[in-house]
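Just so it is clear, the model here is predicted, and its values are computed rather than measured. Both backbone and side-chain heavy atoms feed into the values below; hydrogens, waters and symmetry mates do not.
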Amino acid sequence: QVQLVESGGGMVETGDSLRLSCAASGRTFTSYTMGWFRQAPGKDYEFLAAIVWSDGSAGYAPSIKGRFTISRDDAKNTVYLQMNTLQPEDTAVYYCAARQGLPRSSPSEYDTWGQGAQVTVSS
């Protein structure tokens with residue numbers, strides 16, 4: 001059974017950086033794509049980034065491209081989301097998710113989700 005556990009959330013100030021981690025367990029992930037999403041209060045899930053585990057190729061939503069970076073560590077079975085120059089509008093619960101196959105931006109295409117990590121950015 002695949003399990004994802006996020007960590008690294010917290011409260012920061014405008015302009016700060018945070019790195020979220022997503023520890024994956026339960027199987028090998030070489031055929032998986034890992035994605036990061038967020039959900040702000042009262043809003044739908046928003047796709048942020050995805051990475052193909054086997055070759056590390058990554059894609060980003062235009063809204064965060066250049067500020068956020070997704071990466072993975074094979075040895076630790078962990079995916080990261082480095083977030084720089086955070087703004088109050090980045091305040092949300094951040095989720096990692098997994099799917100078998102190629103990257104997709106729709107949350108419905110991902111069948112395994114972590115519990116979420118709260119990120120709050122104060123102005």
Side-chain angles (χ1 to χ4, degrees):
Q1 182 179 357
V2 175
Q3 283 191 310
L4 305 175
V5 179
E6 296 102 336
S7 60
M11 182 176 291
V12 297
E13 296 183 348
T14 298
D16 285 350
S17 298
L18 269 181
R19 188 179 75 162
L20 301 179
S21 300
C22 173
S25 62
R27 62 167 301 143
T28 56
F29 292 89
T30 51
S31 63
Y32 275 70
T33 288
M34 308 298 289
W36 282 99
F37 294 80
R38 67 185 178 189
Q39 187 177 33
K43 295 190 176 182
D44 292 333
Y45 286 98
E46 178 187 9
F47 169 78
L48 301 174
I51 188 166
V52 178
W53 197 286
S54 60
D55 65 7
S57 57
Y60 297 90
S63 61
I64 54 90
K65 195 172 185 178
R67 288 196 302 130
F68 292 7
T69 303
I70 189 171
S71 62
R72 61 129 173 53
D73 184 327
D74 282 338
K76 295 182 178 180
N77 250 21
T78 299
V79 177
Y80 302 98
L81 186 68
Q82 176 68 42
M83 305 185 293
N84 298 327
T85 321
L86 285 163
Q87 303 296 315
E89 53 266 35
D90 294 317
T91 295
V93 179
Y94 284 70
Y95 298 89
C96 69
R99 72 180 306 276
Q100 286 189 290
L102 296 174
R104 295 288 186 270
S105 61
S106 171
S108 64
E109 299 278 359
Y110 291 77
D111 49 26
T112 302
W113 291 74
Q115 83 285 359
Q118 177 70 48
V119 172
T120 303
V121 184
S122 61
S123 57

When you measure from the side chain of [X] to the backbone N and O of [Y], does any donor-acceptor pair fall under 3.5 Å?
X: Arg99; Y: Glu109; result: yes
X: Tyr110; Y: Cys96; result: no
X: Gln3; Y: Gly26; result: no
X: Thr91; Y: Val121; result: yes
X: Gln82; Y: Thr69; result: no

Residues pairing under side chain to side chain donor-acceptor pair (under 3.5 Å) where one sits in residues 17-37, two or more places apart or in two chains, turn out to be Ser17-Asn84

Applied to residues 7-16, the side chain to side chain donor-acceptor pair (under 3.5 Å) test, sequence neighbours excluded, yields none

Which of Thr78, Val52, Leu4 passes side-chain contact (heavy atoms from CB on, under 4.5 Å) with Met34? Answer is Leu4

Just by distance, with hydrogens left out, do Ser63 and Glu46 show a side-chain donor and acceptor under 3.5 Å apart?
yes

Check: Phe37 ring centre within less than 6.0 Å of Phe47 ring centre: yes

Quick note, ring-ring contact (aromatic ring centres under 6.0 Å, His included) partners involving residues 48-72, not counting sequence neighbours, are Phe29-Trp53

Quiz item: Is there side-chain contact between Met11 and Val119, with at least one heavy-atom pair below 4.5 Å?
Solution: no

